[in-house]
Amino acid sequence: MINKINKEIKLFISSIDGIEKNSVSEICEKFKTSISESLKNGHITTNVCMIAGSILKSNPKKLATDLHKRISDLKIFENVDIAGPGFINITLKREDFLSTLNNIYEKNVNYGSSDFGEGKKVQIEFVSANPTGPLHVGHGRGAAYGDALSRILKNTGYEVEKEYYVNDAGRQIDILTASVIIRMLKKELNGFFPQNAYRGEYIEIIGEKFGEEIRFNEASNLINNLPSDAEDEINEIITSLKTKDLMIWNKVKNHSLSIIVELIKEDLSNFNVLFDEWFYESSLGSIKESNSEISSSITKLSKDGIGYKKDGAIWLNTESCGDDKHRVLVRKDGRATYFASDVAYHKNKIDRGFDKLINVWGADHHGYIKRIEASVEALGTSKDKLIVKLVQFANLFKKGKKIKMSTRSGDFYSLKDLIDDIGADAARFYYLSKQADQHLDFDLDLAKSDSKENIFYYIQYAHARIFSIEDKYKKTTKKQIASKTDIKNNSYSKCDELIHEISKFPNLVLKSSNSLQPHLIVFYLRDLSQLFHSFYNDNHVLSESEENIELIMFCLGGVKQTIANGLGLLGITPMKKM
RNA sequence: GCGCCUGUAGCUCAGCUGGAUAGAGCAACUGCCUUCUAAGCAGUGGGUCAGGAGUUCGAAUCUCUUCAGGCGCGCCA
C-alpha cells in the first residue's frame, strides 16, 4: 500500500510546474511515507510536502492541498487529511486495514523478515576474549549483542557468519601456562605465586591433569632473585620455565588452551550463542616463516610502500585514516606485534570474500579503530567494508553495590554465575536493553524482581497471557483459532491500536538491522506489550459476541506472533506460562 | 594536550538519517481483583532536552562553542 502511495506521490512531484529534474530526484530521495506513529494521524503518513516545500522554496500547505486532491481522487482510501505543517495523513479502508492480520498469519514465524540484504555476505566477529579464563559479564554483553545482531541481519536477508578470534599466540597465553605450572609447584615453591599470574580456581583444575609430570630439579631456583616489578617478574619466570623444559611447557600450554576454549564454548552455548568459525591466531603462522600469512601480509604492505623500515623496526603508515602516528608491525628484535597479527587476520577475512565485516570490540579498544581501518585501506580494500561496533562495559549491581571483576585476581562474577543467577534469557534481555555503545548498569535484583519495572517479565507476561486466553478459548468453545478468517467488515475497533502497532514491526526490524541496534526491538516490544495489557484490562475477551471474539482472537494471535518473533530476534524464548 | 563517547522529569532510560502537544518505567499521591494470570490497568503532579550561538518554514535531533562526566592515547595484548 505504501508503494502504491509513493508511486502516486512521485507522479505528483514530477507534474509540478517548472520543476527541475534534480529537484525531483532530491525530493524523492528524502521524503518518507510510513506507518503513522499513532492512529490519531491516520494509518499512513507522508512528509513529502514539507520536504518539497523546503527544496522548492514554496509553501508546503499549498503543495499539500494539491496532493491531497490527487490522492483523494483515487478513491481507494477511507479518508485523506492535511495536518500540522503539511503532513498528508491517510486512513485505509477497514478491509485494507484489517488485511494486515492476514499478512501476519501467512508469514507466521517469518513475519518481520525481509530480503533487504539481498544475500550479501556479512561476517561478525565478536567476543574474541583472550582464552585465559572463563568469560566474565563484560564479555556477556558483546556476546548478546553480536548474536542478536547476527539474528537480525539474517532476518533481513543477509548471509551471516559468526566468528570468534582466539588469541592463542601472544604473551597472555604464556602467562596462563606459567600460572598453571607455578600452581602445580605450589609445594616446591612454598606457596609462592607471581604478582601478575592468573589466580582463579580453574588454574588449579587445569593443572591437576599433569600431576607428577610437572617436576623440576631444584625448582626453587625458579624464584631466586626475581625482579620486584610485576611485569619483569612474570617475564623471567616464563623464560626460565621454557628453558628448563620446553616439552612440558608446550604440553601444558596446549592442554590449558584447549581446556579453556572448551570452557568458553560451554559458557557461550549456555547463553545460546553458537559460532560458525573459531579462528586461531596461531594459524596465521610465525613471522619467522617467510610464507606464513603474517609474513606475506607484511611483505605486501612493504611492497606497496605503506610499510617501511625505520630504527630497525617495520612500521605501517596509518595516517591515511587520521591515525595520529605510525604503528610498529615488527619490533627491532624481530618479534611481530599484536597489531601485525591483526593486520594479517583482517587480510585473511578480506580474502575470504565477505561483503561486509563487522567487528564487535570492547569500548576500551576505540583508540585502535583508526589504525585497523588504515591497515584495511592499505591492503587495498575500502575501509567502509569494515564496521567496528564498540560495546561499553556493563556494571553489575547487587543489593545496590557494584560487583567487581578482574580475570587476573580470579575473583570475579562470571557469565556463568550470571546465567545461573537470572537465566540466559533475562540476561540477554538486559544486556540488549540499552544501546551497545553506552554504559550499562545492570541491576541483578531488578532482573529477578516481579514488578513492572522488570521489562523482561512485562513482555513475557503479555505473551503468556495471550497464550492462556487462547487456551481457554479453545477449551470453552471447542473451536480452533481461525487460520484466516473473513473479517473484512467487522467494525469492532478496540483492537485497532494493537493491529496498527504490529503492522509497524517489519519496518522496525529493518531499522534495527540498518542501524545495527537490537535495543530498538526491546523498546518496541515493551510498547506493544503495554498496549496489550491495557486492552486486556479494559476488555473481557471471552464475553464478547462470537463475531467479535473471532476478530479479537485473530488479532491477539498476531500480537503473540509478533512478540515471539521479536524475542526470537534477540535470541530469547517466549514463555507460554508464568 | 589530542581523539572517541555521554549530558533529556527526583532516579533509570527511550526518542537523534530534522517534523505534529518531548515519551516510558520507578519513586510520590488517587482509584481498579465474586469475570480470561494484579508479574496487570487507569489517573494526578513533575521538563531551561547541560549553557550559549548558528542553519531551517520547523532543532532534543544538524553545525560551532563553553561547561561537566567517562574512556582511550606503548616497539603491551
Side-chain angles (χ1 to χ4, degrees), chain A residues 29-30 32 36-38 40-41 45 47 50-51 53-54 57-61 83-87 89 130 132 167 169-173 175 231 281 310-315 322-325 327-342 362-370 390 392-393 433-435 437-441 443 446 449-462 464-473 475-476 511 514-515 519-520 522-524 526-527 529-530 532-544 549 556 575 577-578:
Chain A
E29 216 166 273
K30 280 190 176 170
K32 227 168 37 186
S36 70
E37 192 52 45
S38 143
K40 279 180 290 185
N41 301 326
T45 185
N47 65 350
M50 277 117 76
I51 299 291
S54 119
K57 304 275 171 229
S58 62
N59 185 346
K61 285 229 172 185
F87 289 101
N89 294 337
N130 280 333
T132 54
N167 293 116
R171 200 174 105 84
Q172 298 303 321
I173 298 303
I175 298 178
E231 288 290 303
E281 182 185 357
K310 189 186 148 198
D311 303 333
I314 299 176
W315 297 71
D323 199 7
D324 50 2
K325 56 186 133 186
R327 305 291 171 174
V328 171
L329 288 167
V330 184
R331 301 177 181 92
K332 62 181 166 202
D333 65 8
R335 283 152 51 232
T337 59
Y338 175 82
F339 179 49
S341 301
D342 236 11
D364 52 334
H365 288 77
H366 74 75
Y368 202 76
I369 295 177
K370 280 179 178 165
L390 296 178
Q392 274 289 0
F393 290 117
S433 67
K434 204 179 162 184
Q435 263 184 67
D437 59 1
Q438 288 179 31
H439 285 278
L440 172 73
D441 287 337
D443 185 337
L446 172 64
S449 81
D450 53 2
S451 72
K452 182 172 180 177
E453 204 181 350
N454 188 342
I455 322 167
F456 174 66
Y457 285 115
Y458 185 74
I459 293 168
Q460 292 283 19
Y461 190 36
R465 270 180 152 176
I466 297 175
F467 210 85
S468 148
I469 300 180
E470 287 184 345
D471 202 45
K472 200 137 200 167
Y473 172 74
K475 274 186 189 144
T476 51
K511 191 173 170 189
N514 287 337
S515 61
H519 80 283
L520 296 179
V522 169
F523 286 94
Y524 169 80
R526 191 204 54 192
D527 291 345
S529 302
Q530 123 87 0
F532 165 75
H533 285 306
S534 177
F535 171 83
Y536 181 91
N537 258 270
D538 290 347
N539 305 281
H540 192 259
V541 177
L542 298 178
S543 36
E544 283 289 343
I549 291 186
L556 293 187
M575 293 178 175
K577 255 190 186 151
M578 285 176 64

Shortest non-hydrogen contact from A:Leu542 toward A:Ile549 | O-CD1, 3.7 Å
Do the non-hydrogen side-chain atoms of A:Ser36 and A:Asn89 ever get within less than 4.5 Å of each other?
-> no
Looking only at side-chain N and O atoms, does A:Arg526 come under 4.0 Å of OP1 or OP2 in B:C13?
-> no
Using the P atom in both, what is the distance from B:G70 to B:C29, to the nearest Å?
-> 35 Å
How far, in whole Å, is B:U6 from B:C16 if one measures between their P atoms?
-> 13 Å
Summarise how protein sits on nucleotides 71-77 of chain B as a single string, 5' to 3': B when a protein heavy atom is under 4.0 Å from the base, S for sugar-phosphate-only contact, - for no contact.
-> BSSSBSB
Ionic contact status for A:Arg331 with A:Asp333, cut-off 4.0 Å = no
How are the rings of A:Tyr368 and A:Phe339 set to each other: parallel, tilted or perpendicular (split at 30° and 60°)?
-> perpendicular
Indicate whether the side chain of A:Glu281 and that of A:Ser341 have a donor and an acceptor atom separated by less than 3.5 Å.
-> yes
Nearest-Å distance once atom P is located in both B:G19 and B:C76 = 48 Å
In whole Å, what separates the P atom of B:A27 from that of B:A42?
-> 16 Å
Does the side chain of A:Tyr536 reach to within under 4.5 Å of the side chain of A:Ile466, using non-hydrogen atoms?
-> no
From B:G19, B:C36, B:C16, nucleotide with atom closest to A:Lys511 side chain = B:C16
Check every strand shown and say whether A:Gln530 touches a base, only sugar-phosphate, or nothing at a heavy-atom separation below 4.0 Å.
-> sugar-phosphate
Classify the nucleic acid contact of A:Lys30 as base, sugar-phosphate or nothing, counting any heavy atom under 4.0 Å across all strands shown.
-> nothing
Using the aromatic ring of A:Phe87 (for Trp, its six-membered ring), decide whether it stacks on the base of B:G19 within the limits of 5.5 Å and 30°.
-> no
Out of B:A20, B:U6, B:U37, which nucleotide sits closest to the side chain of A:Gln438?
-> B:U6
Find the distance A:Ile51:CD1 to B:G19:P and express it as a whole number of Å.
-> 10 Å
Looking only at side-chain atoms of A:Tyr458, point me to the closest of B:A20, B:U37, B:C41.
-> B:C41
With rounding to whole Å, what would you report as the distance between B:G7 and B:G40 at their P atoms?
-> 29 Å
Please measure how far the P atom in B:C26 lies from the corresponding atom in B:C64, and state the result in whole Å.
-> 39 Å
NA contact type, A:Tyr457, heavy-atom cut-off 4.0 Å: base, sugar-phosphate, or nothing?
-> base
Any A:His533 side-chain nitrogen or oxygen under 4.0 Å from OP1 or OP2 of B:C36 = no
Separation of B:C13 atom P from A:Lys434 atom NZ, nearest Å, is 4 Å
Report the nucleotide, chosen from B:C36, B:C57, B:A38, that has the shortest atom-to-atom distance to any side-chain atom of A:Ser468.
-> B:C36
A:Ser515 near the nucleic acid: base, sugar-phosphate alone, or nothing, with a heavy-atom cut-off under 4.0 Å?
-> nothing
Looking across every strand, which nucleic acid part, if any, lies under 4.0 Å from A:Pro60 by heavy atom: base, sugar-phosphate, or nothing?
-> nothing
Same-atom distance (C1') from B:G18 to B:C62, integer angstrom = 7 Å
Face-to-face stacking of A:His540 with B:C36, centres under 5.5 angstrom, angle under 30° | yes
When you compare B:A28 with B:G46, how far apart are their C1' atoms, in angstrom units rounded to a whole number?
-> 10 Å
Within this structure, what is the CG-to-C1' distance between A:Asn537 and B:C36, rounded to whole angstrom?
-> 11 Å
From the candidates B:A20, B:G15, B:C41, the one with an atom nearest any side-chain atom of A:Gln435 is B:G15
Any side-chain heavy atom of A:Phe467 sitting closer than 4.5 Å to one from A:Met578?
-> no
Are any of the side-chain heavy atoms of A:Glu231 and A:Arg171 separated by less than 4.5 Å?
-> yes
